[in-house]
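Only heavy atoms go into these numbers, but all of them, side chains included; no hydrogens, no water, no symmetry mates. So that the names make sense, note that chain A is the first sequence line, chain B the second, and so on, each numbered from 1.
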Amino acid sequence: MTDMISTKVRFAPSPTGELHIGGARTALFNYLFAKHHNGKFFLRIEDTDRERSKDEFTDQICESLNWLGLHWDGEILFQSNRIKEYQSAIQTLLSGGNAYRCFCSKDLLEKSRAEGVYQYPRTCRNLNENEIRKHLNSGENYVIRIKIPEGQTSYNDIIYGHVTVNNSEIDDFIIARSDGSPTYNLVVVVDDHSMGITHVIRGEDHISNTSKQIQIYKALGFDIPVFAHLPMILGPDKKRLSKRHGAPGVQQFKNDGYLPDALLNYLVLLGWNPDSEQEIFILDEMIAKFDLAQVNKKGAVYDEKKLYWISGQHMQRLGNKNILDGILAINQSWGNGFNIQYQYTVIELLKVRAKSILEFIDQSVYFFNDPEEYDSKAVGKHWSNNSVNDFINTFINKMEAIENWNTEQIEKELRNVAEKYEIPAGRIIHPIRLALSGVPNGPSLFAMMELLGKETCIRRLNKALKLLPKS
RNA sequence: GGCUCGUUCGUCUAGGGGUUAGGACGCCGCCCUCUCAAGGCGGUAACACGAGUUCGAUUCUCGUACGAGCUACCA
């Protein structure tokens, strides 16, 4: 390692809503970048907007981050605890001549904006001592604005490359409100500097804030970090996915039974390409291969279908223990009364055909309870008349005689019955599956029967014989 | 309005002066098969437009169009 300064990044959400996939993706990229470089990933809560910030959202964001496995280093930094630092930075700017008091009324400025004047006309920029004192003495409210110098501001974005803006395009924006509280662009710079952030990785919506922030860095004499702006995640209409726009919260994915790694896997593919044809990653693999230089500039449309597929891929690959943990996290009573070996076998049989934990739970009910009803379409197809009952009765007799209750024996006996009646085995297999599970599809019938056990199979078959066919 | 950024299959993307423009999801078909999945094989489908540079442009340049973001005493 030639890096003398270790990498430090941060994820800085404002607690005005729950964590949604856009934020999760930003957090993920920060996390991957930090871990890839053996650096630190910090969490900062941007709660300077006292009206909209809520503690419950802070809790929810932390919970979501933890569920995803994106654990932050050190203590959470709350901006609301750092007012003194901001005040002192503002004072430095003011006394250094890099900022000034502005006494213009909000109404006036809003009016001129409505008339097409979008920039602050810098009315108060060159007020002299006497004029300032006069305003102050008459008790007028004022805000503090940064004094943007002439010239150009440019920086080299890891993802977007060189971005240059004429300073004439940068407003003398407000750094302190009339109540003295600092604004976003000021606090970000003060915090990123005091936290020692080396790389600022955030959404593309901050590109135009960056040149403003660079002005503050310069005015304060701070080193400027490296910037990397991530393309937006878009809705189907190509507009930025936002809460208003139906951006799903991370919590929602948890409730829908998605595994954290699957969500992360989907998210990492939105904008980043691994420079190979690999599509399925676990977190450690993402860390090993992640590179900001491989992130593209184009916004990516959120596509639930692909997430769904990725989720299925993860289900297949995941260890049975992990799946069990995932199930229990949603439904603690799953598998109650059945031993662990039985539970693991259920998982083994089902995991290739469930795309989410929720689906998994849904598909597994008949392993623990006798079916209460039978899929009516399947009944019509496979058990529409009494001839089926004869086959089943014959098979029940054969089953009772089986001593070694295992897949092979069961299959052998069933095929014998089919042969005896000179019918395709499917004519017996389908109705039996229906009788045992209530549904027309699932894992290999014989493997299912072995697991359910002889008693249960016979009991369920007899029950079905009483109820089917429906006339 | 101004500024900044972007534009390859429906979607996620690879590629890059001469390619049958590659992969993945989805969709369709076939195989496997007791069903459903999974898996295998195949198919469908894209370089926004116009100039210029060039022997040649999807790739480079410039325009145009379209889209997005920012333009708050929100973050």
Both distances below 3.5 Å, Watson-Crick or wobble geometry, any strand: find the nucleotide opposite G6(B).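 When the pairing criteria are applied, C66(B) turns out to be the nucleotide that pairs with G6(B).
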Is there a Watson-Crick or G-U wobble partner for U20(B) with both distances under 3.5 Å, and which nucleotide is it?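 Its partner: none found.
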Stretch [range]: residues that reach within less than 4.0 Å of RNA chain B through a heavy atom:
range	answer
residues 200-209 of chain A	Glu204(A), Asp205(A), His206(A), Ile207(A), Ser208(A), Asn209(A)
residues 256-269 of chain A	Leu269(A)
residues 442-454 of chain A	Gly442(A), Pro443(A), Ser444(A), Leu445(A), Phe446(A)

Would you indicate which nucleotide in [options] comes nearest to any side-chain atom of [X]?
X	options	answer
Arg353(A)	A37(B), G26(B), A75(B)	A37(B)
Lys298(A)	A75(B), C25(B), C12(B)	C12(B)
Glu279(A)	C5(B), A24(B), C73(B)	A24(B)
Leu270(A)	A24(B), A75(B), C12(B)	C12(B)
Trp309(A)	C73(B), U13(B), C25(B)	C25(B)
Gln79(A)	C12(B), G22(B), A75(B)	A75(B)
Arg240(A)	C12(B), U11(B), A68(B)	A68(B)
Lys297(A)	G39(B), G6(B), A75(B)	G6(B)
Asn441(A)	C36(B), G22(B), C73(B)	C36(B)

